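As structure tokens, the structure follows; a few thoughts come after it.
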Amino acid sequence: MKILYFAWLRQHTGMAEEILEPAPQVATAGALIDWLIDRSPGHAAAFEQRSSIRIAIDQAFADPGDSIVGAAEVAFFPPVTGG
Amino acid sequence: MKILYFAWLRQHTGMAEEILEPAPQVATAGALIDWLIDRSPGHAAAFEQRSSIRIAIDQAFADPGDSIVGAAEVAFFPPVTGG
Amino acid sequence: MTVRVQAESFDLGAETDRLTAGRRDVGAVASFVGIARETNPDEGAEPVIAMTLEHYPGMTERMLAAAEADARTRWPLLDCLIVHRYGRFLPGDPIVLVVTLSSHRQAAFDACAFLMDYLKTQAPFWKHEETASGARWVAARATDDAAAARWTKKD
Amino acid sequence: MTVRVQAESFDLGAETDRLTAGRRDVGAVASFVGIARETNPDEGAEPVIAMTLEHYPGMTERMLAAAEADARTRWPLLDCLIVHRYGRFLPGDPIVLVVTLSSHRQAAFDACAFLMDYLKTQAPFWKHEETASGARWVAARATDDAAAARWTKKD
């Protein structure tokens with residue numbers, strides 16, 4: 001599974017993306033965040049303002065409760081500030 | 001006093017403008033229309049759809065009851081259909 | 001802040017480049033170009049071969065300048081351009097250009113729409129259309145008046 | 001109907017000329033250009049030296065195409081163009097272009113404003129501003145969300 005980080009999440013994790021295989025019990029986007037937070041202090045910092053973090057599963061906006069089973073790509077980012 | 005005609009009023013009168021000195025008792029735009037109607041069949045035809053005719057006195061929209069005393073320019077035209 | 005009433009065509013890109021050149025405060029440039037159409041606004045009517053716009057020289061410029069001044073009191077505009085052509089046009093010919101510059105998009109959009117509604121309903125222009133079966137003066141459209149009335153109801 | 005996400009700049013005049021070329025059915029071309037500003041949206045904040053827009057390649061294009069399809073179901077558009085740039089911009093640099101073509105002006109204006117509200121609030125772009133005292137990620141603005149919400153309340 002490809003995990004993508006944008007904006008200040010990318011700066012905290014120190015990477016734009018990583019390829020990971022989460023444990024089988026990590027079935028939702030919210031559970032994936034819990035799992036990622038344990039990977040490094042940078043990951044923990046990235047997800048600190050957790051309520052403001054937006055999620056996309058396979059390039060579609062998603063909620064923390066949405067399933068990531070079978071997803072190829074999960075992205076985490078701040079609220080968008082385009083144009 | 002310069003009298004201006006636009007669009008189909010101009011076509012009916014056969015002229016874009018004329019310089020006239022209305023009789024002294026012709027004090028309002030409405031009275032001026034009455035006075036102009038008697039000048040020619042073309043003028044009468046121009047003012048036939050009288051309720052739809054718009055008036056400008058010295059380049060400002062006006063009503064039939066508005067005074068033309070001292071005005072330099074009175075224009076008559078159909079509802080505008082710009083742009 | 002500029003108003004031009006002219007026979008010549010205009011260039012949207014050149015006009016907006018000129019308006020924004022050297023500025024660092026403009027965030028939003030809204031623009032509108034009105035074009036002569038072959039299709040008649042009345043359903044099922046004949047195609048338009050050409051259209052002639054007649055106007056009231058002097059009064060037109062005065063009214064467009066007043067409309068622009070009105071727009072500037074309603075929205076925080078950084079600059080504004082109105083170009084309106086007169087004469088004979090073929091389908092596809094550009095007729096009217098409005099460009100509004102502001103810090104934020106909503107002011108630019110609203111002022112641009114306001115000025116176009118004004119041009120359509122208040123400015124002394126008259127449209128004469130040629131079709132295969134003859135020519136006619138175009139009647140005022142109720143939808144245009146309704147669009148313009150939005151801006152007075154607001155107050 | 002075109003969506004482009006690119007680093008290169010764009011030319012408003014050339015794009016609208018291309019969209020209208022040879023057509024006789026277009027009466028209204030509404031367009032919007034969003035430009036990098038020196039002035040910070042927050043009152044009293046420091047001048048912006050430069051701004052970097054980061055985006056989510058793939059998802060951005062997909063979302064803009066969906067927004068365009070949505071606009072086409074809401075308004076009778078004859079054509080539509082969205083160009084959004086990414087990268088680093090100086091004040092005065094053009095960032096985003098939306099052009100909408102319709103028979104009538106209201107549809108063109110509304111669709112253009114709708115697409116801009118969508119770009120500001122839904123498309124995955126993130127703005128990073130540099131000022132004399134440092135750099136920061138720009139926070140989402142409540143007024144932008146309110147502007148976008150207009151279009152959902154309607155239905």
Side-chain angles (χ1 to χ4, degrees), chain B residues 1-20 28-30 32-33 36-37 41-83, chain C residues 5 32-37 40-42 51-67 82-86 89 93-98 112-129 135-145 147-148:
Chain B
M1 180 182 287
K2 189 195 280 186
I3 315 288
L4 299 169
Y5 306 101
F6 292 100
W8 44 259
L9 280 85
R10 176 179 49 73
Q11 293 189 309
H12 282 302
T13 62
M15 64 186 94
E17 61 181 72
E18 56 187 331
I19 309 289
L20 298 173
T28 65
L32 179 60
I33 292 175
L36 289 166
I37 280 170
H43 284 77
F47 290 104
E48 204 168 45
Q49 297 177 48
R50 190 156 169 172
S51 66
S52 72
I53 286 163
R54 300 292 183 267
I55 304 159
I57 300 175
D58 286 337
Q59 302 192 355
F61 283 116
D63 290 316
D66 289 341
S67 170
I68 59 165
V69 175
E73 189 173 305
V74 180
F76 298 101
F77 43 79
V80 302
T81 51
Chain C
V5 182
F32 183 88
V33 177
I35 298 176
R37 292 191 301 138
N40 198 290
D42 304 327
M51 185 188 95
T52 300
L53 268 182
E54 178 174 333
H55 79 116
Y56 185 168
M59 185 171 173
T60 308
E61 290 83 349
R62 183 184 289 207
M63 291 197 71
L64 299 192
I82 301 172
V83 182
H84 206 306
R85 299 175 68 193
Y86 58 85
F89 304 104
D93 287 344
I95 296 173
V96 57
L97 169 67
V98 173
C112 195
F114 166 81
L115 289 169
M116 276 308 305
D117 284 347
Y118 184 94
L119 286 170
K120 286 274 186 181
T121 56
Q122 306 296 315
F125 284 94
W126 300 277
K127 203 179 276 182
H128 191 247
E129 283 182 353
R136 63 172 193 119
W137 291 97
V138 175
R141 297 178 62 211
T143 54
D144 282 333
D145 289 333

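Note that the structure is a prediction, hence the values are computed from the model and not measured. So that the names make sense, note that chain A is the first sequence line, chain B the second, and so on, each numbered from 1.
Across all their heavy atoms, B:Gln59 and C:Met59 have their closest contact at OE1-N, 3.2 Å. Among all heavy-atom pairs drawn from C:Val138 and B:Thr81, the shortest one is O-CG2, 3.2 Å.
For C:Ala139, the part lying near chain B is the backbone, with the side chain staying farther off; criterion is any non-hydrogen pair under 4.5 Å. Heavy-atom distances place the side chain of B:Arg10, and not its backbone, under 4.5 Å from chain C.
The line from CZ of B:Phe61 to CE of C:Met63 is 4.0 Å long, rounded to the nearest 0.5 Å. If you take CZ on C:Arg62 and CG on B:Asp58, they are separated by 7.5 Å, rounding to the nearest 0.5 Å. Going from atom CD of B:Gln11 over to atom CD of C:Glu54 covers 8.0 Å, rounded to the nearest 0.5 Å.
Under the 4.5 Å side-chain criterion, counting only non-hydrogen atoms from C-beta, C:Trp126 is in contact with B:Val80.
Note: B:Phe77 and C:Tyr56 have perpendicular aromatic rings, judged against thresholds of 30 and 60 degrees for the angle between ring planes.
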